[in-house]
Novice: 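One structure coming up, written as structure tokens, with questions to follow.
Because only heavy atoms are used, hydrogens play no part in the values below, and waters and symmetry mates are left out as well, while side chains stay in.
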Amino acid sequence: MAYEHEKLLEEKVFKDPVHRYIHVRDKVIWDVIGTREFQRLRRIRQLGTTYLVFHGAEHSRFQHSLGVYEIVRRILDDGFVHRPEWNQEERLVTLCAALLHDLGHGPFSHAFEKVFHLDHEQFTQGILLGDTEVNEVLRRVGDDFPQKVADVIGKTYPDKLVVSLISSQIDADRMDYLQRDAYYTGVSYGHFDMERILRVMRPTEEQAVVKYSGMHAVEDYIMSRYQMYWQVYFHPVSRSAEVILMKILHRAKQLHGKGYMFKQEPVHFRSFFDRTFNLEDYISLDESVLLTYFQIWTKEDDPILSDLCYRFINRRLFQYVEFDPATEYRKIGELEQLFREAAIDPDYYLIADSSSDLPYDFYRPGEENERLPIYLQMRNGELRELSRSSDIVDSISGKRRTDHKLYFPEDVLLKGKNENPIYERILHMLKK
């Protein structure tokens with residue numbers, strides 16, 4: 001039997017708090033899960049710094065990746081099988097893409113990417129196509145199979161239906177992370193009737209669509225996503241922790257560039273500081289490595305690096321205030337000057353941060369980052385864009401919400417305001 005069709009002698013199951021069980025029968029899937037690159041995802045938190053706000057949010061990208069795989073497996077094996085619009089030969093590449101879609105995420109993913117100007121999707125494709133255990137497993141299916149999986153994740157695969165299951169406005173990725181993140185944070189916002197959506201999901205040549213009878217379940221899903229972004233993903237305290245994390249990495253990078261002699265030389269970061277890193281350097285990094293350095297760096301001689309690390313490790317986070325960059329840009333300039341006069345470096349202790357989300361959008365040809373809309377399949381077979389039938393979705397379609405905050409060390413200012421009148425002026429300006 002060809003490797004791509006080989007089944008395990010006995011089905012393997014993972015007990016999962018969201019999907020109850022995750023089922024694996026394909027030998028390829030089981031072998032991919034066992035690779036070092038996939039096992040690394042156990043050491044990458046799904047929600048980055050959010051565990052400092054919601055203490056239960058310790059779940060990993062390993063768990064999420066298995067969850068996305070399971071949702072896609074159910075769609076294909078329970079919903080699409082034997083339907084003429086679905087090509088069964090695409091099953092394995094779709095399952096592998098679902099399982100491996102987050103393979104290239106780094107430690108504290110988005111913060112790390114911003115500091116070092118990286119793209120986790122490029123690293124995902126690099127791991128799939130490079131000299132890795134994952135690539136070795138996928139090539140057993142066929143020499144071109146790793147490229148096929150990479151193309152699905154990169155959204156260039158010729159079968160658009162396959163791509164839509166992994167990446168669209170109603171895909172398996174979102175359906176898993178909303179429920180999983182809600183479960184581990186303990187909030188109720190991310191729950192929706194996935195069972196109903198899976199039952200009414202149908203394949204078409206271009207993408208997966210939903211029967212009209214399932215519209216209300218989709219409305220619930222859209223609103224769940226909207227609420228999760230503003231109540232969990234953009235939580236200002238979590239953003240405060242992420243701001244400090246980014247400033248730690250910026251400071252270490254700056255000190256390295258100046259030839260600073262670290263007590264604990266950052267050997268794991270050196271190639272990233274110098275932009276000489278390779279794929280193995282990237283794979284070797286996980287959150288346990290970063291946290292180890294942060295713990296050690298609390299004893300560094302550099303006061304900024306040691307303070308920022310102490311704050312992150314011990315959750316002494318920055319306070320925040322709302323601000324409008326369009327009308328208060330002069331205020332930020334004045335505050336920066338006051339910080340310098342008070343011998344507080346504004347580059348590390350006065351940080352403007354913005355969060356933005358577009359909960360749902362219809363198709364806008366020619367625009368950057370075009371979004372494939374969700375379609376309802378009407379009783380006569382016609383496809384209708386969701387917001388044309390749903391007043392709820394129409395009310396938020398195309399409406400981007402942006403939030404701006406200014407982060408600062410309130411504890412330092414309060415402690416020193418009696419000795420330094422500039423501290424009092426800064427606090428007064430920030431509290432206006």
Side-chain angles (χ1 to χ4, degrees), residues 11-26 28-35 37-48 50-51 54 56-80 91-105 109 120-121 124 134 149 152-153 162-199 201 208 217-218 220-222 224-225 227-229 232-233 287:
E11 182 181 71
K12 304 291 185 180
V13 294
F14 294 83
K15 191 75 177 74
D16 187 76
V18 176
H19 305 302
R20 295 188 66 244
Y21 289 100
I22 291 167
H23 303 262
V24 179
R25 191 66 190 269
D26 297 275
V28 178
I29 298 298
W30 184 248
D31 289 346
V32 166
I33 291 172
T35 62
E37 295 86 17
F38 192 79
Q39 290 293 315
R40 167 183 167 274
L41 296 180
R42 293 181 184 271
R43 306 187 298 279
I44 307 289
R45 286 185 183 87
Q46 175 69 14
L47 287 182
T50 305
Y51 72 98
F54 301 94
E58 297 278 357
H59 56 303
S60 68
R61 291 195 179 272
F62 179 90
Q63 294 166 275
H64 165 63
S65 297
L66 288 177
V68 177
Y69 153 81
E70 176 61 16
I71 292 174
V72 170
R73 187 199 64 78
R74 289 185 58 190
I75 291 172
L76 302 186
D77 293 353
D78 300 340
F80 285 10
R91 177 180 177 274
L92 187 60
V93 71
T94 311
L95 290 179
C96 287
L99 184 67
L100 298 170
H101 76 286
D102 270 356
L103 193 62
H105 271 286
S109 304
H120 69 268
E121 291 186 358
T124 296
V134 166
V149 176
V152 175
I153 296 171
V162 171
V163 174
S164 78
L165 294 174
I166 313 300
S167 181
S168 67
Q169 293 197 79
I170 185 165
D171 57 29
D173 181 24
R174 297 184 188 197
M175 283 194 277
D176 182 81
Y177 75 61
L178 288 176
Q179 296 177 93
R180 191 169 301 278
D181 296 346
Y183 176 88
Y184 281 102
T185 55
V187 304
S188 59
Y189 314 111
H191 299 294
F192 59 93
D193 192 353
M194 187 186 75
E195 298 300 320
R196 177 64 176 159
I197 292 176
L198 296 188
R199 282 181 60 85
M201 188 173 279
V218 178
D220 192 27
Y221 157 81
I222 294 289
S224 293
R225 183 186 179 279
Q227 294 288 359
M228 283 293 287
Y229 266 79
V232 176
Y233 303 138
E287 288 175 15

Novice: What residues form a ring pair (Phe, Tyr, Trp, His ring centres under 6.0 Å) with His59, not counting sequence neighbours?
Specialist: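 For His59, the residues satisfying ring pair (Phe, Tyr, Trp, His ring centres under 6.0 Å) (neighbours in sequence not counted) are Tyr184.
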
Novice: Any idea which heavy atoms bring Ile29 and Cys96 closest together, and the distance?
Specialist: CD1-SG, 3.9 Å

Novice: Distance from Thr94 atom OG1 to Arg73 atom CZ, nearest 0.5 Å?
Specialist: 14.0 Å

Novice: Under a 4.0 Å threshold between the charged nitrogen and the carboxylate oxygen, would Arg40 count as salt-bridged to Glu37?
Specialist: no

Novice: Quick check for you: to the nearest 0.5 Å, what is the distance between Gln63 atom CD and Leu41 atom CG?
Specialist: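 Rounded to the nearest 0.5 Å, the CD-CG separation comes out at 11.0 Å.
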
Novice: Is any side-chain heavy atom of Gln179 closer than 4.5 Å to a side-chain heavy atom of Phe192?
Specialist: yes

Novice: Would you mind checking if Asp26 and Arg91 are paired as a salt bridge, meaning a charged N to carboxylate O distance below 4.0 Å?
Specialist: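 Here Arg91 pairs with Asp26 in a salt bridge, since their nearest N and O are under 4.0 Å apart.
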
Novice: Contact between Arg225 and Tyr177 at the side-chain level, heavy atoms closer than 4.5 Å - yes or no?
Specialist: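 Yes - at least one pair of side-chain heavy atoms lies under 4.5 Å apart.
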
Novice: For Arg42, enumerate each residue passing the side-chain hydrogen bond (donor to acceptor under 3.5 Å, both in side chains) test, keeping only those at least two apart in sequence or located in another chain.
Specialist: Gln39

Novice: In chain order, what residues pass the side-chain contact (heavy atoms from CB on, under 4.5 Å) check against Ala172, with sequence neighbours excluded?
Specialist: Val68, Ile71, Val72

Novice: Tell me, please, which residues at least two apart from Tyr69 pass ring pair (Phe, Tyr, Trp, His ring centres under 6.0 Å).
Specialist: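 With neighbours one apart ignored, the set is empty.
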
Novice: Holding to side-chain hydrogen bond (donor to acceptor under 3.5 Å, both in side chains), I want the full list of residues that pass it with Arg180, two or more places apart in sequence or in another chain.
Specialist: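 Residues passing side-chain hydrogen bond (donor to acceptor under 3.5 Å, both in side chains) with Arg180: Asp16, Asp176.
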
Novice: Nearest heavy-atom pair of Arg61 and Ser109: which atoms, and what distance?
Specialist: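 The pair with the smallest heavy-atom distance is NE-OG, 3.4 Å.
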
Novice: Please report the closest heavy-atom contact between Phe38 and Leu99, naming both atoms and the distance.
Specialist: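 Nearest heavy atoms, Phe38 then Leu99: CE1-O, 3.3 Å.
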
Novice: How close do Ser164 and Ala208 get, heavy atom to heavy atom, and via which atoms?
Specialist: OG-N, 3.1 Å

Novice: Taking all heavy atoms of Thr185 and all of Ala182, pick out the closest pair and write down the distance.
Specialist: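 Minimum heavy-atom separation between Thr185 and Ala182: OG1-O, 3.4 Å.
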
Novice: Taking salt bridge (Lys or Arg N to Asp or Glu O under 4.0 Å) as the definition, give me every residue that meets it alongside Asp181, ordered by chain and number, with sequence neighbours left out.
Specialist: none

Novice: Any chance you could measure Leu100, atom CG, to Ile33, atom CD1, to the nearest 0.5 Å?
Specialist: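 If we round to the nearest 0.5 Å, Leu100:CG and Ile33:CD1 are 9.0 Å apart.
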
Novice: Going by atom types only, do Glu11 and His23 share a side-chain donor-acceptor pair under 3.5 Å?
Specialist: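 The answer is yes; a qualifying pair exists.
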
Novice: Taking C-beta and beyond as the side chain, do Leu92 and Val28 meet within less than 4.5 Å on heavy atoms?
Specialist: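 They are in contact (side-chain heavy atoms under 4.5 Å apart), so the answer is yes.
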
Novice: Any chance you could lay out the side-chain contact (heavy atoms from CB on, under 4.5 Å) test for Leu198 and Asp78, step after step, and finish with the verdict?
Specialist: CA-CA 9 Å; Leu198 296 188; Asp78 300 340; over 6 Å; no

Novice: What is the distance from atom CD1 of Ile22 to atom CG of Leu66, rounded to the nearest 0.5 Å?
Specialist: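 Separation between the atoms: 4.5 Å.
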
Novice: So, using side-chain contact (heavy atoms from CB on, under 4.5 Å) as the criterion, who are the partners of Arg199 when residues are at least two apart?
Specialist: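 So Arg199 forms no side-chain contact (heavy atoms from CB on, under 4.5 Å) with any residue.
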
Novice: Has Arg174 got a side-chain atom pairing as donor or acceptor with Ser168's backbone, closer than 3.5 angstrom?
Specialist: yes

Novice: What residues, two or more places apart in sequence or in another chain, satisfy ring pair (Phe, Tyr, Trp, His ring centres under 6.0 Å) together with His105?
Specialist: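 Result, ring pair (Phe, Tyr, Trp, His ring centres under 6.0 Å) vs His105: His110, His120.
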
Novice: Among side-chain atoms of Asp173 and His64, is any donor-acceptor pair under 3.5 angstrom?
Specialist: yes

Novice: Could you tell me which residues satisfy ring pair (Phe, Tyr, Trp, His ring centres under 6.0 Å) with Tyr229, sequence neighbours excluded, listed by chain and number?
Specialist: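 Per chain and number, Tyr229 pairs via ring pair (Phe, Tyr, Trp, His ring centres under 6.0 Å) with Tyr233, Phe234.
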
Novice: To the closest 0.5 Å, what do you measure between CG (Asp102) and CD (Gln46)?
Specialist: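 Between atom CG of Asp102 and atom CD of Gln46 there are 6.5 Å.
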
Novice: With sequence neighbours left out, what residues match Gln227 under side-chain contact (heavy atoms from CB on, under 4.5 Å)?
Specialist: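 Partners of Gln227 under the side-chain contact (heavy atoms from CB on, under 4.5 Å) test: Tyr189, Gln231.
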
Novice: If you compare all heavy atoms of Met201 against all heavy atoms of Leu165, which two are closest, and at what distance to 0.1 Å?
Specialist: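 Where Met201 meets Leu165 most closely, the heavy atoms are SD-CD2, 4.5 Å.
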
Novice: Between NZ of Lys15 and CZ of Arg20, what distance do you get to the nearest 0.5 Å?
Specialist: 6.0 Å

Novice: Donor-acceptor pair, distance only, cut-off 3.5 Å: does the side chain of Ser167 make one with the backbone of Val163?
Specialist: no

Novice: Can you tell me if Thr35 uses its side chain to pair, donor with acceptor, with the backbone of Val32 under 3.5 Å?
Specialist: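 Answer holds: yes.
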
Novice: Using the side-chain contact (heavy atoms from CB on, under 4.5 Å) criterion, which residues pair with Glu287? Sequence neighbours excluded.
Specialist: Ile44, Arg45, Pro107, Phe108

Novice: Go through the structure and list residues passing side-chain hydrogen bond (donor to acceptor under 3.5 Å, both in side chains) with Thr50, not counting sequence neighbours.
Specialist: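 For Thr50, the residues satisfying side-chain hydrogen bond (donor to acceptor under 3.5 Å, both in side chains) (neighbours in sequence not counted) are Ser238.
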
Novice: Under 6.0 Å between the ring centres of Tyr21 and Phe14?
Specialist: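 Centroid distance Tyr21-Phe14: not below 6.0 Å, so no.
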
Novice: With a 4.5 Å cut-off on side-chain heavy atoms, are Glu195 and Arg74 touching?
Specialist: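 A side-chain contact exists here, since the closest heavy-atom pair is under 4.5 Å.
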
Novice: So do the side chains of Met194 and His19 get within less than 4.5 Å of each other, counting heavy atoms only?
Specialist: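 With C-beta onward as the side chain, the pair touches.
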
